[in-house]
Amino acid sequence: MAESKRTQTGEGRRERKRRQTRERIEQAAMTLFLQRGFEATTIEDITEAADVSKRSFFDYFPSKEEVVFAWQDSFADRLMAEIAARPADESSVAAVEAALTATVIASVDERGLALAELIHDTPALRARDQLKYARLEQKLAEALLLRKGNDPERARMRVLAAVVIGALRVGSELWQQRPPGASLQDFAHEILAELWTILAEFGDEAKPRL
């Protein structure tokens with residue numbers, strides 16, 4: 001019966017309890033970080049708020065920095081899923097633009113924006129934050145290659161992934177300087193449109209060198 005229940009729900013009781021505990025730790029930590037600041041919040045504060053032991057905390061997260069960046073991992077997973085869901089006959093550029101815009105809009109809510117501000121204002125987190133772009137670039141390249149199914153495309157897809165994630169990095173910095181009330185959706189479209197324009201200009205400059 002237990003095995004049947006696991007098959008129907010896709011998640012057993014033990015897995016569900018672990019997921020719920022992890023989510024409780026994340027929620028407690030994020031609330032405290034936003035209320036008190038990252039540096040002022042201790043692991044003991046988090047475990048008390050989440051009603052878990054310190055040992056349980058380290059079962060899920062090696063450090064409190066990793067709690068902050070756990071939500072970024074879901075961004076990469078959503079982006080890969082969006083890429084995989086794009087029509088097979090769609091160009092790679094169009095697929096990336098649509099998938100990235102959809103992922104950014106779906107992933108950023110009020111708490112996400114507040115966390116972005118927290119990372120930007122905390123030197124220790126800001127340095128660690130740069131590592132996410134390398135992971136995103138790798139995952140995006142993998143998703144594009146899976147979609148193309150063509151090994152000779154490897155170099156082109158890696159370059160496309162590098163360019164797009166570079167634009168995302170610049171866009172994140174520009175977002176910090178946005179005017180009040182700016183629309184995230186409009187901003188994402190504008191950044192990507194500007195990216196393709198700049199690339200086209202570079203392409204024209206590079207042609208005489210070929």
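Positions are given from 1, in the same order as the sequence printed here.
- Atoms CD1 and CZ, on Ile25 and Phe57 in that order, are 7.0 Å from each other to the nearest 0.5 Å.
- Within a 6.0 Å radius of CZ in Arg156, no more than 12 heavy atoms belonging to other residues, nucleotides or ligands are found.
- Each ring-ring contact (aromatic ring centres under 6.0 Å, His included) pair with one or both residues in residues 152-174, not counting sequence neighbours, would appear here, but there are none.
- A salt bridge does not link Glu15 to Arg19: none of the charged side-chain nitrogens sits closer than 4.0 Å to a carboxylate oxygen.
- Taking CG of Leu145 as the start and CG of Leu160 as the end, the distance is 10.0 Å to the nearest 0.5 Å.
- The cationic group of Lys64 lies under 6.0 Å from the six-membered ring centre of Phe38 and within 45° of the ring axis, placing it in a cation-pi geometry.
- Contacts of Gln138 classified as side chain to side chain donor-acceptor pair (under 3.5 Å), with partners at least two apart in sequence or in another chain: Glu142.
- Residues Ala40 and Asp45 share a closest heavy-atom pair of O-OD2, 3.8 Å.
- Checking side-chain atoms of Arg147 against main-chain N and O of Pro87 turns up a donor-acceptor pair under 3.5 Å.
- The line from CE of Met157 to CG of Leu140 is 9.5 Å long, rounded to the nearest 0.5 Å.
- Note that CG of Leu131 is 8.0 Å distant from CZ of Phe69, once rounded to the nearest 0.5 Å.
- Of the possible donor and acceptor atoms, none in the side chain of Lys17 sits under 3.5 Å from a partner among the backbone N and O of Gly12.
- In terms of heavy-atom proximity, Val68 sits nearest to Met30 at CA-CE, 3.6 Å.
- In this structure, Glu90 and Ala95 approach most closely via the heavy-atom pair OE1-CA, 3.5 Å.
- The two residues Val67 and Ala29 have their closest heavy-atom pair at CG1-CB, 3.5 Å.
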Does the pair Phe75 and Leu168 meet the rule for a side chain to side chain contact (heavy atoms under 4.5 Å, CB included), with working shown? CA-CA 12 Å; Phe75 181 93; Leu168 182 64; 4.2 Å; yes

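- At most 12 non-hydrogen atoms from other residues, nucleotides or ligands lie less than 6.0 angstrom from CZ of Arg158.
- Taking CZ from Phe61 and CD from Glu66, the interatomic distance works out to 8.5 Å, rounded to the nearest 0.5 Å.
- Heavy-atom contacts from other residues, nucleotides or ligands closer than 6.0 Å to CD of Glu48 number 12 or fewer.
- Between the side chain of Thr122 and the main chain of Leu125, no donor-acceptor pair closer than 3.5 Å is present.
- Separating the CZ atom in Arg18 from the OG atom in Ser56 is a distance of 9.0 Å, to the nearest 0.5 Å.
- A side-chain donor-acceptor contact under 3.5 Å links Arg24 to the backbone of Ala50.
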